[in-house]
Amino acid sequence: MNVFRILGDVSHLLAIIILLLKILKSKSCAGISGKSQILFALVFTTRYLDLFTTFISVYNTVMKVIFLICAYITVYMIYVKFRKTFDSENDSFRLEFLLVPVTGLSFLENHSFTPLEILWTFSIYLESVAILPQLFMISKTGEAETITTHYLFFLGLYRALYIANWVWRYYTENFYDQIAVVSGVVQTIFYCDFFYLYVTK
């Protein structure tokens with residue numbers, strides 16, 4: 001494991017912690033897209049099914065469990081604990097516009113046609129577009145809290161660091177996963193406009 005992968009994981013975890021602390025401290029889910037959080041919970045669920053079949057390392061297992069727990073806690077806070085503060089009117093992105101093509105693509109383009117592999121591929125494709133309901137919500141309302149922008153910044157940084165990780169692995173291990181790399185690049189592109197606004201404002 002290289003430094004880019006570790007920093008990427010830390011950045012990803014930091015983004016989730018920032019979001020959870022924001023909700024807990026303010027007792028509010030204002031400005032947060034519940035639909036994006038449902039998609040991220042689905043991403044982790046379908047990607048980490050190998051927890052039951054494959055052991056890679058303690059680090060790997062612990063990180064997977066943490067991401068799963070945090071994802072479901074976030075969804076619980078938005079739709080149950082602080083549901084009265086959730087802005088459902090502006091969180092109006094149509095999820096079927098993402099889920100239908102992502103599901104179809106995961107069946108058409110994967111490493112092997114097995115249930116776990118198709119679900120893993122589905123999670124990779126879905127992660128690349130899961131932030132779109134959040135970005136749509138920000139563009140619709142025309143505003144975002146500082147904490148929410150920090151959350152998005154660290155999510156974008158996580159993707160950028162993972163691209164560096166893939167470049168490093170290609171040159172040091174001759175490893176290249178086209179599905180993960182292309183999806184990661186697509187996801188990072190979605191963050192570019194946000195990064196510009198974050199830096200300038």
Side-chain angles (χ1 to χ4, degrees), residues 1-24 36-77 98-99 102-103 105-107 109-131 134 150-191 195:
M1 190 162 1
N2 61 71
V3 67
F4 300 113
R5 165 77 185 274
I6 294 170
L7 289 175
D9 288 345
V10 168
S11 180
H12 194 182
L13 187 57
L14 189 56
I16 294 170
I17 290 171
I18 286 171
L19 190 67
L20 282 171
L21 289 177
K22 182 264 183 200
I23 295 171
L24 287 169
S36 269
Q37 296 310 312
I38 286 174
L39 293 181
F40 282 123
L42 188 56
V43 165
F44 297 139
T45 302
T46 53
R47 183 174 304 168
Y48 299 150
L49 289 172
D50 64 351
L51 275 170
F52 303 104
T53 60
T54 309
F55 177 78
I56 298 171
S57 68
V58 173
Y59 171 83
N60 185 273
T61 300
V62 168
M63 290 299 276
K64 287 177 179 179
V65 170
I66 289 172
F67 283 128
L68 277 166
I69 291 171
C70 288
Y72 280 98
I73 287 174
T74 305
V75 171
Y76 167 78
M77 287 185 178
L98 301 179
L99 290 172
V102 162
T103 301
L105 190 58
S106 63
F107 276 94
E109 189 66 39
N110 51 63
H111 293 305
S112 63
F113 202 76
T114 62
L116 278 181
E117 193 61 38
I118 289 169
L119 287 168
W120 178 86
T121 306
F122 170 84
S123 78
I124 296 296
Y125 293 147
L126 184 60
E127 187 182 17
S128 70
V129 295
I131 200 62
Q134 180 68 64
H150 291 337
Y151 160 72
L152 289 170
F153 173 81
F154 281 104
L155 268 187
L157 183 60
Y158 141 67
R159 293 314 315 176
L161 286 165
Y162 255 64
I163 290 176
N165 163 60
W166 293 323
V167 171
W168 178 269
R169 292 190 68 185
Y170 178 76
Y171 284 106
T172 60
E173 305 170 29
N174 201 29
F175 174 84
Y176 176 73
D177 185 328
Q178 183 176 341
I179 290 174
V181 171
V182 172
S183 298
V185 169
V186 168
Q187 186 177 359
T188 306
I189 289 169
F190 286 133
Y191 286 99
F195 270 131

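These numbers come from a predicted model, not from an experiment.
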| task | To the nearest 0.5 Å, tell me how far Met77 CE sits from Ile73 CD1. | result | 6.0 Å

| request: For residues Leu161 and Phe4, report the shortest heavy-atom separation together with the two atoms involved. | output: O-CB, 3.6 Å

| task | State the OG1-CZ distance between Thr61 and Phe55, to the nearest 0.5 angstrom. | result | 5.0 Å

| remark: Output for pair (Trp166 CH2, Tyr171 OH), nearest 0.5 Å, gives 15.5 Å

| message | Can you list everything that forms a side-chain contact (heavy atoms from CB on, under 4.5 Å) with Leu98? Sequence neighbours excluded, please. | response | Leu39, Phe93, Val129, Leu132, Pro133

| query | Is the backbone of Ile6 close enough, under 3.5 Å, to the side chain of Asp9 for a donor and an acceptor to pair up by distance? | reply | no

| task | Walk me through it: do Ile179 and Tyr125 pass the test side chain to side chain contact (heavy atoms under 4.5 Å, CB included)? | result | CA-CA 8 Å; Ile179 290 174; Tyr125 293 147; 3.7 Å; yes

| Derivation of the side chain to side chain contact (heavy atoms under 4.5 Å, CB included) call for Lys64 and Ile56 | CA-CA 11 Å; Lys64 287 177 179 179; Ile56 298 171; 4.3 Å; yes

| task | Calculate, to the nearest 0.5 Å, the distance between atoms CD1 and CG belonging to Ile18 and Leu152 respectively. | result | 10.0 Å

| message | Can you tell me if Glu173 has over 12 outside heavy atoms packed within less than 6.0 Å of its CD? | response | yes

| task | Taking the side chain as every heavy atom from C-beta outward, state whether Tyr72 and Thr45 have any atom pair closer than 4.5 Å. | result | yes

| query | How long is the span from the OG1 atom in Thr74 to the CD1 atom in Ile69, to the nearest 0.5 Å? | reply | 11.5 Å

| request: Kindly say whether Ala180 contributes a backbone atom to a donor-acceptor pair with the side chain of Ser183 at under 3.5 angstrom? | output: no

| remark: Closest non-hydrogen atoms of Val75 and Gln37, given as atom of the first, atom of the second and distance, are CG2-O, 3.6 Å

| Under the ring-ring contact (aromatic ring centres under 6.0 Å, His included) test, residues paired with Tyr158 that sit two or more places apart | His12, Tyr162

| query | Who pairs with Arg47 by side-chain hydrogen bond (donor to acceptor under 3.5 Å, both in side chains), at least two apart in sequence or on another chain? | reply | Ser123, Glu127

| message | Taking Gln134's backbone N and O only, do any of them form a donor-acceptor pair with Ser36's side chain (distance below 3.5 Å, no angle check)? | response | yes

| said: Can a donor-acceptor pair be found, under 3.5 Å and without considering hydrogens, that links the side chain of Asn110 to the backbone of Ser106? | reply: yes

| query | Looking only at heavy atoms, which two atoms of Phe67 and Phe44 are closest? And how far apart? | reply | O-CD1, 3.6 Å

| request: To the nearest 0.5 angstrom, please state how far the CG atom of Asn2 sits from the CZ atom of Arg169. | output: 7.5 Å

| message | Donor-acceptor check, side chain of Thr121 to backbone of Glu117, threshold 3.5 angstrom: yes or no? | response | yes

| query | What closest approach, in Å, do Phe113 and Phe107 show between heavy atoms, and which atom pair accounts for it? | reply | CE1-O, 3.6 Å

| query | Is Tyr176 atom OH crowded by more than 12 heavy atoms from other residues, nucleotides or ligands, each under 6.0 Å away? | reply | yes

| task | Evaluate side chain to side chain contact (heavy atoms under 4.5 Å, CB included) for Leu51 paired with Leu68, printing each intermediate quantity in order. | result | CA-CA 11 Å; Leu51 275 170; Leu68 277 166; 3.7 Å; yes

| Contact summary for Leu99 and Phe122, nearest pair of heavy atoms | CD2-CZ, 4.1 Å

| message | Give me the atom names and distance for the closest heavy-atom approach of Trp120 to His111. | response | CZ3-CD2, 3.8 Å

